[in-house]
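Below you'll find the structure, written out as structure tokens, and then a few comments.
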2 protein chains.
Amino acid sequence: MPEPEISSPKRDHLMATAWRLFYRDGFRSVGIDTILAEAGVAKMTLYNHFASKEELIVALLEKRDRELRASVVATVEAAGKSPSKRLLAVFDWLEGWFGSADFNGCVFIRALSEYPDATHAIHRTAWNHKVAVKHMLAQLCTAAEAKNPEGLAETLSLLIDGAIVAAHGTRETGSARSARATAASLLKLASA
Amino acid sequence: MPEPEISSPKRDHLMATAWRLFYRDGFRSVGIDTILAEAGVAKMTLYNHFASKEELIVALLEKRDRELRASVVATVEAAGKSPSKRLLAVFDWLEGWFGSADFNGCVFIRALSEYPDATHAIHRTAWNHKVAVKHMLAQLCTAAEAKNPEGLAETLSLLIDGAIVAAHGTRETGSARSARATAASLLKLASA
DNA sequence: AAGAATATAGACAGATCTGTCTATTTTGTG
DNA sequence: CACAAAATAGACAGATCTGTCTATATTCTT
């Protein structure tokens, strides 16, 4: 399903511009015309690549999902072999993200919020990402030999999403450190 | 500041209708005209009570903030005298909320998401609620004689917001129980 | 019952929205 | 060079958006 769609320069540029505006201002707030003007692309070019605004958004979420998880994986790999360090590296990644200049919350949480209906394609796509992240955490928890890896992964997911919401509200990175400290305690508890 | 505004039947009815539609479909998704039609109220009545759609939304968030916190307080009071039971009662309240028929995520997280700009009045109002809840948690943590009540309250806030996001994604109440179990562990740890 | 405050319907402005269509031009390929 | 594919500008439809205005009707208070 995450078949990387056929790529073209125009399509990529369009997606990059759309991403930037949507992430800054919100999906419903940004109109197609604004994206086209900003990207310097004709309307029919967009509608030749995407059937609708909704499909464009879904494509953007799927792309962001792939890139975000790849970025986390890279940080985990760079953290060395210690399973607990690898697990906690996820929270360091979070802290770096929160501190980045254009951080503006989690686009998936925001998509869940803007399209609150559970049956909506955008809502479902956004939630798929959260499930995928939780799966990744479960693997790290298993590697760290936690007693109940699935349960710990669930809890870590809660901490992460809570930290993201807090960072969006405060524009500070502190929530990542709080979450990390709690994660460390829980990991210790689950290994004992 | 949360001076309960002058109440009138029309105003209350308008707010009730607006709340229902906004909460179901989203702030940007629901137009003024839709609310007016549903409420059976004239447009000028709305604009006599509220300067703009934005002011209406802010008023709704402030009202919801008062009511939500009062509801949590009532649950805490009903939980008896044991400080730890009182603290954990917050998570029982959450579980009940997640299981309610019209649960559709947290309107404050959704407001943060729909108005991602930190300087926006709606964004700020929504975040104020999260700060107030955290303050409430800190009091409960202090009463429970936790070592670092502010720190524990921060962590519990993360768990709660994470659990809300998860409940919005899954439509299940399980995240409340996960959060509660983790909270119980952390409280024990912080009392030892 | 008289007067003041409130609510009404509905037109209106002016902007914006997504998506379609056409006719032309540019681009890339054999 | 010639042909096909892709992108262009821009008009267009039809709906929707917030907010204003007016002129009439209802409700509340005294």
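Just so we're on the same page: letters track the sequence lines, and every chain starts at 1.
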Measure the distance from [atom1] on [X] to [atom2] on [N] and round it to the nearest whole Å.
| X | N | atom1 | atom2 | value |
| --- | --- | --- | --- | --- |
| B/Phe27 | D/dT16 | CZ | P | 22 Å |
| A/Leu46 | C/dT20 | CG | P | 11 Å |
| B/Leu14 | C/dT6 | CG | P | 15 Å |
| A/Phe50 | C/dT18 | CZ | P | 15 Å |
| B/Arg28 | C/dT16 | CZ | P | 14 Å |
| A/Ile35 | C/dG19 | CD1 | P | 11 Å |
| B/Ile32 | C/dT16 | CD1 | P | 18 Å |
| B/Ile57 | D/dG19 | CD1 | P | 10 Å |

Looking at [options], which one has an atom nearest to any side-chain atom of [X]?
| X | options | value |
| --- | --- | --- |
| B/Lys53 | C/dA7, D/dA7, D/dT18 | D/dT18 |
| A/Lys10 | C/dT20, D/dT8, D/dC17 | D/dT8 |
| A/Ser8 | D/dT18, D/dA7, C/dA7 | D/dA7 |
| B/Ser52 | C/dT18, D/dG19, C/dT8 | D/dG19 |
| B/Tyr47 | C/dC21, C/dG19, D/dT18 | D/dT18 |
| A/Val41 | D/dT8, C/dG19, D/dT18 | D/dT8 |
| B/Met44 | C/dG10, C/dT18, C/dC17 | C/dG10 |

Heavy atoms from other residues, nucleotides or ligands near CZ of A/Arg28 exceed 12 (cutoff 6.0 Å)
yes
When the nearest nucleotide of DNA chain C is assigned to A/Thr34 and to A/Ala51 on a heavy-atom basis, which residue is associated with the more 5' position?
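Upstream on the strand: A/Thr34.
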Residue pair A/Leu159 / B/Thr182, side-chain heavy-atom distance below 4.5 Å
no
Would one find a side-chain N or O of A/His49 under 4.0 angstrom from OP1 or OP2 of D/dA7?
yes
Is there a side-chain polar atom (N or O) of B/Thr45 under 4.0 Å from OP1 or OP2 of C/dT8?
yes
D/dG19 base / B/Lys43 side chain donor-acceptor hit below 3.5 Å:
yes
Answer with base, sugar-phosphate or nothing: what part of the nucleic acid does B/Asn48 contact at a heavy-atom distance below 4.0 Å?
nothing
Could you go through the side chain to side chain donor-acceptor pair (under 3.5 Å) check for A/Ser7 and A/Asp12 one step at a time?
CA-CA 7 Å; A/Ser7 155; A/Asp12 293 349; 3.0 Å; yes
With the threshold set at 4.0 Å, does a side-chain nitrogen-carboxylate oxygen contact exist between B/Glu77 and B/Arg86?
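Salt bridge between B/Glu77 and B/Arg86, a charged N being under 4.0 Å from a carboxylate O: yes.
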Under-4.0 Å salt bridge between A/Arg24 and A/Asp102:
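No, A/Arg24 and A/Asp102 are not salt-bridged.
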